[in-house]
**Q** 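So that we are looking at the same thing, I have put the structure below in structure tokens.
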Amino acid sequence: MEATQTQTQSAAPVTSIAQIGTRDGQEVTIRGWLYNLRESGKLLFPIFRDGTGTIQGVMPKSAVPAETFEGVKHLTQESAVVVTGKVRADKRAPGGYELDVSDVQIVQRVPEDDPFPISLKEHGVDFLMEHRHLWVRTPRQAAILRTRAEIIKAARDFFDDRGFTLTDPPILTPAACEGTTTLFPVDYFDEQAFLTQSGQLYIEATAMALGKVYSFGPTFRAEKSKTRRHLTEFWMVEPEVAYATLDDLMQLAEEFISFIVTRCLERRRADLQTIGRDTSKLENIKPPFPRITYDEAVEILNKGLAEGKLENKFQWGGDFGSPDETYISSQFDRPVMVHRYPAAVKAFYMEPDPKRPELALCVDVLAPEGYGEIIGGSQRMGSYELLLKRIHEHGLPESAFKWYLDLRKYGGVPHSGFGMGIERAVAWICGLEHVRETIPFPRMLHRLYP
RNA sequence: UCCUCAGUAGCUCAAUGGCAGAGCAUCCGGCUGUUAACCGGAGGGUUGUAGGUUCGAGUCCUACCUGAGGAGCCA
């Protein structure tokens, strides 16, 4: 399995497969891997990939040296190769171009007695997850990862271009941010620490320093969730804005989501096609998004029950379950913003609605097509006294929140923010069945390898 | 934590309680336009583990292990 040091002797310029259309008729070099090999008598059709795409090579036995032909004829899937050939437009080729191969240098040959495990046929989920480090090489997974990168870049561009400052919250924290979910404990020099479940409390502090801020980073939840929407380690982008109200926040959220979707349609359309996404469902993701109150959402559920489209009666005061969210979002053709939930089912730090104090000034954005909640946000509580009371009510240690309370003591202002789960956004935009495909190495209940 | 389903060749799956099979992958052979190529041949098995019922168990029963889907919780 030794890797030979290959000197690319050819004068042909190294080109990416994605850019090969600009080199029609020219001699180029591609550095990549053998994706597949078909043959027909004295004619070989090796398909190469380089991370940007795939292209079929054509090799008649008569056109290349005998040793080159024999070397490629017995080449194994995923062997590393440096290929030189002439680009030729061909209507028969899926990408529009083929490569008339003149030379193939084998950088590393996969042994035939231990072949690449992921063949081109279908595989089961468990097998693919065990081989995630190799699964990411397949065209569909590569397209998803490129789209994830585009979504992250779009999110950061959106905030950077609007005067937000990126401020990174800590990952090791002394206490729960929200006090609700189970955290991963960490030994911190004989002190108890936890992996963060949200950067929100910390960016409230930096928002008071810088006005408009956001964070982008990993978060951790030790919940034993086993669904297509949950990971134990996932990435969130969280903006926080001083002086912003709930209405300001909802406007920000709809502009944010629209920007990201539009960007993906502009720049990753080919990848979305590879993934098999019906992009027509993304075309109308533009402001304004429907805004409904929690009360109106409950009415929708009750009506759905009366029409026999839902099974269980929904009691006012509870949080929506997954089937409830799916039904509510199915009534709209774009993300729906549900605001003003009962304070009792939401986190301790949310500002009460002055008109109805039993409600919180919060919003959940439910993605279409049953993808559920992709954004959760709120106007933050302003009153020092009420915040202290809520901390006690939730059984949280006051000492750990002293600094957070300080934010209300020293120049407290109305402020609002939300968090968007990157993986759920990727799953929705790519139209995936499960969030496990949205991140290079998903961490789930009982899955820590590879 | 609870409910449901599934573990058979490297992979995807068949097999009425009665000889453990196919396709793909690998190897050998054939084919000058293949599109998950095709055609012919070869090798490849402690049927998740442990026990039980039976003349006989991949198949039926019990326990356990592993995985998947869902609930709860959440983004």
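What you are looking at is a predicted structure, and each value in this text was computed from that prediction instead of being measured. Letters A, B, ... are given to chains in the order of the sequence lines, protein chains preceding strands, and every chain is numbered from 1. Computed from heavy atoms alone, side chains included, the values below leave out hydrogens, waters and symmetry copies.
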**Q** Whole-Å distance between B/rG44 P and A/Asp114 CG?
**A** 18 Å

**Q** According to a strict under-4.0 Å criterion, is A/Lys42 in side-chain N/O contact with OP1 or OP2 of B/rC31?
**A** yes

**Q** Less than 3.5 Å between a donor and an acceptor, one on the side chain of A/Glu39 and one on the base of B/rU34, is that the case here?
**A** no

**Q** Between B/rU32 and B/rG67, how far apart are the two C1' atoms, rounded to whole Å?
**A** 47 Å

**Q** Side chain of A/Arg228 only, heavy atoms from C-beta on: which candidate in B/rU32, B/rG69, B/rG72 is closest?
**A** B/rG69

**Q** Send over the distance from A/Phe184 CZ to B/rC73 C1', rounded to a whole Å.
**A** 14 Å

**Q** Without decimals, in angstroms, what is the distance between A/Lys73 NZ and B/rU26 P?
**A** 14 Å

**Q** Looking only at atom types and distance, does a side-chain atom of A/Asp24 sit under 3.5 Å from a main-chain N or O of A/Ala89, one as donor and one as acceptor?
**A** yes

**Q** Please tell me which of the listed nucleotides, B/rU32, B/rG70, B/rU34, lies nearest to the side chain of A/Gln56?
**A** B/rU34

**Q** In whole Å, what is the span from the CD1 atom of A/Ile422 to the C1' atom of B/rC74?
**A** 16 Å

**Q** Taking atom C1' in both B/rG45 and B/rA22, what distance in whole Å separates the two?
**A** 14 Å

**Q** Which one is paired to B/rU53, where only Watson-Crick or G-U wobble pairs with both distances under 3.5 angstrom count?
**A** none

**Q** Parallel under 30°, tilted from 30 to 60°, perpendicular over 60°: which one fits the rings of A/Tyr341 and A/Tyr294?
**A** tilted

**Q** A/Ser119 side chain: which of B/rC74, B/rA25, B/rC27 is closest?
**A** B/rA25

**Q** According to the Watson-Crick and G-U wobble definitions, with both distances under 3.5 Å, which nucleotide is paired to B/rU1?
**A** B/rA71

**Q** If the P atom of B/rA42 is compared with that of B/rC24, how far apart are they to the nearest Å?
**A** 14 Å

**Q** In terms of ring plane angle, is the pair A/Phe127 and A/His131 parallel, tilted or perpendicular, where the classes change at 30° and 60°?
**A** tilted

**Q** Looking at every strand, decide which applies to A/Ser322 at a 4.0 Å heavy-atom threshold: base, sugar-phosphate, or nothing.
**A** sugar-phosphate

**Q** Over all strands shown, is A/Glu423 touching base, sugar-phosphate only, or nothing at heavy-atom distances under 4.0 angstrom?
**A** nothing

**Q** Measure from the ring center of A/Tyr404 to the ring center of A/Tyr349 and say whether it is less than 6.0 Å.
**A** no

**Q** Taking atom P in both B/rU26 and B/rG10, what distance in whole Å separates the two?
**A** 15 Å

**Q** How long is the line joining CE of A/Met444 and P of B/rA75, in whole Å?
**A** 20 Å

**Q** So, taking the atom named NE2 in A/His74 and the one named CD in A/Glu39, what distance separates them when rounded to the nearest 0.5 Å?
**A** 8.0 Å

**Q** Return no unless some side-chain N or O of A/Lys121 is found under 4.0 Å from OP1 or OP2 of B/rC11.
**A** no

**Q** Using a 4.0 Å heavy-atom cut-off, does A/Glu122 contact any base of the nucleic acid, only the sugar-phosphate backbone, or nothing at all?
**A** base

**Q** Check the angle between the aromatic planes of A/Phe256 and A/Phe418 and answer parallel, tilted or perpendicular using the 30° and 60° thresholds.
**A** tilted

**Q** Between B/rU54 and B/rA14, how many Å separate the two P atoms, rounded to a whole number?
**A** 30 Å

**Q** Just the rounded figure in Å: distance from C1' of B/rC74 to CD of A/Gln200.
**A** 14 Å

**Q** Tell me what A/Lys61 touches on the nucleic acid: a base, only sugar-phosphate, or nothing, going by heavy atoms under 4.0 Å.
**A** nothing

**Q** Please determine, for the side chain of A/Arg229, which listed nucleotide (B/rC27, B/rU34, B/rC74) has the closest atom?
**A** B/rC74

**Q** Select one nucleotide: of B/rG33, B/rC73, B/rA25, the one nearest the side-chain heavy atoms of A/His230.
**A** B/rC73

**Q** Can you tell me, in whole Å, how much space there is between the P of B/rA63 and that of B/rC5?
**A** 14 Å

**Q** Could you check how far CG of A/Asp364 sits from C1' of B/rA75, rounded to whole Å?
**A** 9 Å

**Q** At less than 4.0 Å, is any side-chain N or O atom of A/His434 found next to OP1 or OP2 of B/rG69? Yes or no.
**A** yes

**Q** Mapping A/Asp113 and A/Ser40 onto RNA chain B by nearest heavy atom, which one lands closer to the 5' end?
**A** A/Asp113

**Q** Ignoring hydrogens and geometry beyond distance, is a side-chain donor-acceptor pair present between A/Glu98 and A/Gln56 at under 3.5 Å?
**A** yes

**Q** Aromatic rings A/Phe216 and A/Trp235: how do their planes relate, parallel, tilted or perpendicular, breaks at 30° and 60°?
**A** tilted

**Q** Please figure out whether A/Val58 or A/Phe320 has its closest RNA chain B nucleotide nearer the 5' end.
**A** A/Val58

**Q** Select base, sugar-phosphate, or nothing to describe what A/Gly372 touches, counting heavy atoms under 4.0 Å on all strands.
**A** nothing

**Q** Would you state whether a donor and an acceptor, one from the side chain of A/Arg38 and one from the base of B/rC31, lie under 3.5 Å apart?
**A** no

**Q** Could you state the CZ-P distance from A/Arg88 to B/rG33, rounded to the nearest angstrom?
**A** 13 Å

**Q** Identify which nucleotide among B/rU34, B/rC28, B/rC74 has an atom closest to any side-chain atom of A/His74, counting heavy atoms from C-beta outward.
**A** B/rC28

**Q** Strictly under 6.0 Å, is that where the ring centroids of A/Phe289 and A/Phe332 end up?
**A** no

**Q** Paired with B/rU66: which nucleotide, if any, by Watson-Crick or G-U wobble criteria at under 3.5 Å for both distances?
**A** B/rA6

**Q** Once you apply the 3.5 Å cut-off to both distances, tell me the Watson-Crick or G-U wobble partner of B/rG23, or none.
**A** B/rC11

**Q** If you only use heavy atoms from C-beta on, which nucleotide in B/rG67, B/rA71, B/rC27 is closest to the side chain of A/Thr76?
**A** B/rC27

**Q** Using a 4.0 Å heavy-atom cut-off, does A/Ile375 contact any base of the nucleic acid, only the sugar-phosphate backbone, or nothing at all?
**A** sugar-phosphate

**Q** Does a side-chain N or O of A/Arg436 approach OP1 or OP2 of B/rG69 to a distance below 4.0 Å, or not?
**A** yes

**Q** Does the side chain of A/Arg229 come under 3.5 Å of the side chain of A/Ser322 through a donor N or O and an acceptor N or O?
**A** yes

**Q** In whole Å, what separates the P atom of B/rA6 from that of B/rG43?
**A** 34 Å

**Q** Take atom C1' in B/rA20 and the same atom in B/rA9, then report the distance between them in whole Å.
**A** 10 Å

**Q** Among the candidates B/rU12, B/rC27, B/rG69, find the nucleotide nearest to the side-chain atoms of A/Glu112.
**A** B/rC27

**Q** What's the closest nucleotide to the A/Arg424 side chain, out of B/rA75, B/rG33, B/rG67?
**A** B/rA75

**Q** Given that both distances must come in under 3.5 Å, which nucleotide forms a Watson-Crick or G-U wobble pair with B/rG58?
**A** none

**Q** Between B/rC73 and A/Ser225, counting only base atoms on the nucleotide and side-chain atoms on the residue, is there a donor-acceptor pair under 3.5 Å?
**A** yes

**Q** B/rA75 base stacked by A/Phe234? Criteria: ring centres under 5.5 Å, plane angle under 30°.
**A** yes

**Q** Using both distances under 3.5 Å as the test, list the Watson-Crick or G-U wobble partner of B/rU47, or none.
**A** none

**Q** What's the closest nucleotide to the A/Phe127 side chain, out of B/rU32, B/rG10, B/rC24?
**A** B/rG10

